Amino acid sequence: MHEVVNEKRTPPKKPFIFYAIIAFVIIMLLNALVFPSLMKQSVVEVGYDQFLEMIDQDQVKEVSYDESTGQFVFVGEEDNNTRIYKTGIWPDDGERLLQQLREHPDIKFEAQIPTQTNPLLSFILTWIFPILFFFLIGELSYRWMQKRMKNQMPGGMGNAMSFGKSGAKIYVADAKTGVTFADVAGQDEAKESLMEVVDFLHEPKKYAAIGAKLPKGVLLVGPPGTGKTLLAKAVAGEASVPFFSISGSEFVEMFVGMGAAKVRDLFKQANEKAPCIVFIDEIDAIGQKRNTGGMGGNDEREQTLNQLLAEMDGFDGQKGVVLLAATNRPESLDPALLRPGRFDRRVPVELPDLQGRKAILMVHAKDIHTDGNIDWDIIARSTAGASGAELANIINESALRAVREGRSCVSQSDVEESVETVIAGAQRKSAVISDHEKKIVAYHEIGHALVAAKQSGSAPVTKITIVPRTSGALGYTMQVDQGERLLMSRKEILNKIATLTGGRSAEELIFGKDNMTTGASNDIEQATKLARALITRYGMTDEFDMVALETVQNQYLGGDASLACAADTASKIDERVVEIIKTAHEKAFKILKENEMKLHELARHLLEKETITGDEFMELLNR
């Protein structure tokens, strides 16, 4: 997609200095032609004898002596014209001249006679030039600040005259650069829902003939990185219509009313370019529920939301203006925004399943060189729960690893290592671990794997390593299900908790309780969270039965849970969580005690190899 700028071109304005120069030239011409008599006012130099003669004829009115030049400056009158003269003094004639001047009392002696200059020129130099100078400085400063603010605040927001403009980026898809549904994988249901919008934009008469109306708004909801923005661009690319893209946070302004003005401007532009698509990313920034229990006033966010609601009611659905919006927090949106007639359709964009992950990996793999022997099924199974953005990152990391290794194509090992890099971090090759600590880590990881292998229904072990990672893990055990798992039974949850306690159980069995380490901190956290969910969310205990004891908020942003029960009930839940984990811990310890010889054998092998595959592990275990 490329950005299209549709602005009415106006001829460039002349700079301020251009008009200032013209004005100066006009003034100078007036000064030379209209006031020639004033231009002739100048100082006339006369001889000393003429000066004395003019004194005797009473033609001298004022006299002043200039000590710096040793000359007299005097005002004289000749032929009824008053002029200014200057003359030198005859040597040693000062006393006589002074006496002669005293004999004429009408002469003002030692008066300060100002030099006569052109009054118009004096006015220009005193008033016009300073004003022009400061105007010029102000104009240059304004232009510099305007350019600086525009660079710092994209979208035209740096210009004070652009307040109220939406600042939306306008894209028009073409055959070469447009994003289409072929670029989106793993979201077949979402694409099917949006394809109807594309079909309406292509053939509106077909729907108008039966009386059907285009959905005014389509809300894309899902976790981060699942491709909501990409889907919106693909809709515009398929329909080949203008695509307005703006973030919800761009409507929020410091000045009250600016956000509402931006909404009006955005829909005005959209109506002018209909049919088109308007995409508002992170709409929860302006669409949050209005709070009636506050201070009682409308803040900027509420005014922006009210204007958005009014605009969605006002525009004509038959013109082909479709509003797409994306959010990770649908539960926080105002109910008035979600009612039919505004956002008529809600399209979930969830994390991809097994086949979806495989398709996404293959789409991104088109852009890199591979050796052709990569098993994408294995990679897709090992990336359960990964979003499209994370899968794209895995492919990119594998390409970077191949370059670091000096190879021209990506292999299976590159992709597998990239999966581990994204999950657990890169290998810490510089980490120095003592032999004793490495031995503890080996027994810890084999403890996890051995407990998992000895329980029915557990996911098979695919890899065990004691190579430190940048995430802080000194080792890890990877389990990958053979297929896609959407449900977990109570037995499987308890088995998983027991597997999580297997590492600490191995440390206790081999090194004793007094020598247990902090390496199980992450296992403890996961086991506790799983045991609590078994009670409060899944209703898998006889004591509390099918009662929801906690609520989950922001399910697409981590799913923060908070208890919704009385304090004494919460205390009972804590007791039950401790009981579940304690039982699982005892079960894991018992399994390791019964297979202690295998535990030693497998740990020694892991210490020697540092990394073993699941097949190696099972071969040694069953031998």
Side-chain angles (χ1 to χ4, degrees), residues 219 221-226 282-285 287-294 327-335 337-338 346 348-353 384-387 390 423 448 455 457-459 479 481 484-504 520-588:
L219 183 65
V221 298
T226 51
E282 306 297 344
I283 195 174
D284 51 273
Q288 291 184 12
K289 295 178 182 178
R290 288 166 286 188
N291 183 15
T292 57
T327 181
N328 312 121
R329 302 170 58 196
E331 70 281 349
S332 68
L333 296 180
D334 194 278
L337 197 62
L338 301 176
R346 180 167 172 168
V349 187
E350 302 288 347
L351 294 172
D353 57 10
S387 65
E390 290 171 330
I423 294 174
H448 285 306
Q455 295 181 114
S458 295
Q479 294 176 260
D481 285 305
E484 187 75 8
R485 297 294 301 273
L486 301 177
L487 298 173
M488 289 183 68
S489 65
R490 183 177 186 272
K491 180 181 179 181
E492 290 171 341
I493 294 176
L494 293 175
N495 285 348
K496 190 169 184 179
I497 296 174
T499 301
L500 290 168
T501 63
R504 170 60 63 83
S521 59
N522 184 255
D523 301 332
I524 294 171
E525 181 181 351
Q526 293 187 50
T528 304
K529 187 182 296 185
L530 199 55
R532 186 175 295 276
L534 184 144
I535 300 170
T536 58
R537 293 172 57 186
Y538 305 143
M540 293 182 175
T541 58
D542 296 333
E543 185 176 358
F544 298 103
D545 203 30
M546 296 175 59
V547 178
L549 300 173
E550 69 178 8
T551 57
V552 179
Q553 301 173 343
N554 299 331
Q555 63 175 6
Y556 295 128
L557 297 175
D560 299 331
S562 58
L563 287 175
C565 59
D568 57 343
T569 305
S571 179
K572 293 179 181 178
I573 292 173
D574 292 337
E575 294 176 0
R576 191 74 179 92
V577 169
V578 173
E579 181 182 341
I580 291 174
I581 294 179
K582 188 175 182 180
T583 302
H585 188 187
E586 292 172 352
K587 178 182 179 182

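Everything quoted here is computed from the prediction, not taken from an experiment.
Across every non-hydrogen atom of Ala584 and Thr501, the tightest pair is O-OG1, 3.5 Å. Across all their heavy atoms, Leu351 and Gly385 have their closest contact at CD1-O, 3.7 Å. Contact record, Pro330 with Leu338: O-CD1, 4.2 Å, taken as the closest heavy-atom pair. Scanning all heavy atoms of the two residues, the minimum distance from Ala570 to Cys565 falls at N-SG, 3.9 Å. Of all the heavy atoms in Ala588 and Ala498, the pair that sits closest is CB-O, 3.5 Å.
At least one donor-acceptor pair closer than 3.5 Å links the side chain of Gln455 to the backbone N or O of Asn495. With hydrogens and angles disregarded, no donor-acceptor distance shorter than 3.5 Å links the side chain of Arg504 to the backbone of Ala520. Judged by distance alone, the side chain of Gln526 and the main-chain N or O of Asp523 form no donor-acceptor pair under 3.5 Å. Looking only at distances, a side-chain donor or acceptor of Lys289 sits under 3.5 Å from a matching main-chain atom of Glu331. In this structure, the side chain of Thr541 does not engage the main chain of Ile535 through any donor-acceptor pair within 3.5 Å. Listed for the Asn328 side chain is no donor-acceptor partner under 3.5 Å among the backbone atoms of Val221.
Residue Ile283 holds its CD1 atom at 5.0 Å from CG of Leu337, rounded to the nearest 0.5 Å. Separation of atoms CG (Leu534) and CD1 (Ile493) is listed at 5.0 Å; rounding is to 0.5 Å. In this structure, Ile497 CD1 and Glu492 CD are separated by 12.5 Å, a value rounded to the nearest 0.5 Å. The structure places CG of Leu333 at 8.5 Å from CD of Gln288, a figure rounded to the nearest 0.5 Å. Summarising the geometry, atom CG belonging to Leu530 is positioned 6.0 Å from atom CE belonging to Met488; distances are rounded to the nearest 0.5 Å. The CG atom of Leu549 sits 12.0 Å away from the CZ atom of Arg537 when rounded to the nearest 0.5 Å.
Here the side chains of Thr499 and Gln479 are in contact, with some heavy-atom distance below 4.5 Å. Considering only heavy atoms from C-beta on, Arg532 comes within 4.5 Å of Asp574 through its side chain. Counting only heavy atoms from C-beta outward, the side chains of Glu550 and Ser562 never approach each other to under 4.5 Å.
For Lys587, the NZ atom is densely surrounded, since the number of other residues' heavy atoms within 6.0 Å is greater than 12.
Here the rule is side-chain contact (heavy atoms from CB on, under 4.5 Å) with Thr536, and of Ile573, Thr569, Val552 only Ile573 fits it.
Electrostatic pairing of Glu579 and Arg576 counts as a salt bridge here, judged by a charged N lying under 4.0 Å from a carboxylate O.
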Test side-chain contact (heavy atoms from CB on, under 4.5 Å) on Thr583 and Leu494; report intermediate values, then the result. CA-CA 9 Å; Thr583 302; Leu494 293 175; over 6 Å; no
Can Arg490 and Tyr538 be said to form a side-chain contact (heavy atoms from CB on, under 4.5 Å), step by step? CA-CA 9 Å; Arg490 183 177 186 272; Tyr538 305 143; over 6 Å; no
